[in-house]
Amino acid sequence: MNIDFSYCNPTQIHFGKTALTHLSQELAKYGSNVLMVYGKSSIKKIGLYDQVIKILQDAGKQVTELSGINSNPRYTQVLEGARLVRENSIDLILAVGGGSVIDCCKGISVSSYATGDPWERFWINKETPTEKVIPIGTILTMVGTGSEMNSGSVITNEEQKIKNGAVFPLAMMTPRFSILNPEYTFSVPKYQMVSGIADIFSHLMEQYLSGDDDCTTDYLLEGNMLALISASRKAIVNPEDYEARSNIMWCATMGLNRILGVSKQQDWEVHMIEHQLGAYTDCAHGIGLAIISPAYFRHVFRHGLHRYVRFAKNVWKVDPTGKTDEQIALEGISRFESFIRELGIPATLREVGATREMLPLIANSTILGGGYYKVTADDILQILNDCY
Ligand code: NZQ
Ligand code: ZN
């Protein structure tokens, strides 16, 4: 554990089939004005909307609603929510949905009483808010992002064609509580389910494919990847396999509650490229990640060969006998790619609506330090061409 760290994650998790029974005790901790935020139609279709409204009414809450939050939530929706918070003196924001709804709520929370232009301050200049923020709680219905136990908020500014993530201090902006019932995810369409699985896998790899020591975090990441592969194979055969869906749900929460990143340098370049892809195509986040990842890994793996060899052996069980390190590493990447195909995820950017003309614009992504190698805009363009 060569990199020092401080870690505190205050989210209260209620997990399992009875998780919703804890909502009233959580609501009792906050004032009476609640902003309930959700997506387009799924929570009404599965009957969750009625259940939550009843619990809120029984608790004597005054409920304001904001619905229709898009996948890849829009900055205009953040501003609309912030207006509702101010007008209704909101005490708690309750997110009922997937990562997009939760991210939007975090955006609303920090923007409500912010002075100046919240987009410039938080999503472009990455400032830490100094004004009042509103506590949020979540009821998760779509699994993947880990937003239910982290402080990230990824927002799309449609006008500027930029999708950017802000990461606020954990103690300030992680949800105060999150209700995780795997049964709510049974109705998620297969395309969204596999998008979530690919997102979780990417979070694990972005944290794993970095650093040179043999730290505890690496073993935890390998364990999470093995659990995810096993559960995903069961869930694609039977989406109502509770055991499988509950393991995927917990892998997602663990995957990005930041505990699996401690003492790691971390990469996140695949996410930076995907966010720009999302700004141009509005594709599902995990699908974009799954398309970009193999091309990215083949482009950079020689710079961190030892780790890609470990990934191949420990996660994909590649037999190293008689093979060079390069061959082992490449076989690991191919096995990962086969797993992605097994889930039925498209292989090319073309299939999610990207055009050749868009590639140089998408290549203008944020460039981070890299796990082992810092890419240039030319590298990104080549990676995009490789998976076009
Ligand atoms: O709008 P509704 O009708 O609710 O439909 C949603 C939406 O169409 C549907 N859905 C959700 N629960 C369902 C359901 N359909 C049937 N049954 C249910 N129980 O699923 C669709 C996708 O939902 P969304 O919330 O967009 O998906 P996800 O959770 O993958 O969130 C994606 C967003 O999170 C960001 C992504 O970039 C993207 O904007 N991320 C957030 C992160 C964070 N906060 O830490 C990290 C991630 O890397 C990611 O960038
Ligand atoms: Zn992600």
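Counting starts at 1 for both ligands and their atoms, following the listed order. Keep in mind that what you see is a predicted model, and the values were worked out from it rather than measured.
Remark: side-chain polar atoms of Asn385 are paired, donor with acceptor, to backbone N or O of Leu381 under 3.5 angstrom. A donor-acceptor pair is defined here as one N or O able to donate and one able to accept, closer than 3.5 Å; no such pair exists between the side chain of Lys106 and the backbone of Val154.
Those atoms of ligand 1 with a heavy atom of Asn72 less than 4.0 angstrom away are 38 (C), 39 (O). If you number the atoms of ligand 1 from 1 as listed, the ones under 4.0 Å from a heavy atom of His275 come out as 37 (O), 50 (O). Atom numbering of ligand 1 starts at 1 in the shown order; those under 4.0 Å from a heavy atom of His203 are 47 (C), 48 (O). Atoms of ligand 1 found under 4.0 Å from any heavy atom of Gly39, numbered from 1 in the order shown, are 1 (O), 4 (O). Using a 4.0 Å cut-off to heavy atoms of His271, the atoms of ligand 1 that qualify are 48 (O). Of all the atoms in ligand 1, the ones that sit under 4.0 Å from a non-hydrogen atom of Val188 are 13 (C), 16 (C), 17 (N), 18 (C), 19 (N). Against a heavy-atom cut-off of under 4.0 Å, Pro73 is close to the following atoms of ligand 1: 39 (O). Counting the atoms of ligand 1 from 1 in the order shown, those under 4.0 Å from a heavy atom of Pro189 are 15 (N), 16 (C).
In terms of protein heavy atoms, atom 26 (O) of ligand 1 is closest to Ser100 OG, 2.6 Å.
Contact analysis leaves Lys45 out of contact with ligand 1, as no non-hydrogen atom separation drops below 4.0 angstrom. Using a 4.0 Å cutoff on heavy atoms, Lys163 counts as a contact of ligand 1.
Between atom 19 (N) of ligand 1 and the options Tyr191, Tyr184, Tyr38, Phe186, the minimum heavy-atom separation is to Tyr184. Of the candidates Ser187, Ala95, Ser42, Ser147, the one placing a heavy atom closest to atom 6 (C) of ligand 1 is Ser42. The closest non-hydrogen atom to atom 46 (C) of ligand 1, taken over Asp282, Leu289, Leu256, Val96, comes from Leu256. Taking each of Met149, Glu183, Lys40 in turn, the one with a heavy atom nearest to atom 2 (P) of ligand 1 proves to be Lys40. For atom 8 (O) of ligand 1, the choice among Gly152, Ser71, Gly288 with the nearest heavy atom turns out to be Ser71.
Look at Asp199 and the Zn ion (ligand 2): an N/O/S atom of the residue is under 2.8 Å from the metal.
Within the 4.0 Å heavy-atom criterion, the part of Gln192 lying near ligand 1 is the side chain and not the backbone.
Taking the ring centre of Tyr7 as origin, the terminal cationic atom of Arg258 falls outside the region bounded by 6.0 Å and 45° from the ring axis.
Interatomic distance, CG of Leu368 versus OG1 of Thr366, reported as 6.5 Å (0.5 Å rounding). Taken to the nearest 0.5 Å, the OH atom of Tyr184 stands 4.5 Å off from the CG atom of Asn181.
For His203, the N, O or S atom closest to the Zn ion (ligand 2) goes by the atom name NE2. Looking only at its N/O/S atoms, His271 has NE2 as the one nearest to the Zn ion (ligand 2).
The aromatic ring centroids of Tyr372 and His303 lie 6.0 Å or more from each other.
For atom 35 (C) of ligand 1, the nearest protein heavy atom lies closer than 4.0 Å.
Annotation for Lys313: atom NZ does not count as buried by contact number, only 12 or fewer foreign heavy atoms lying within 6.0 Å.
In terms of N/O distances under 3.5 Å, ligand 1 is approached by Asp103.
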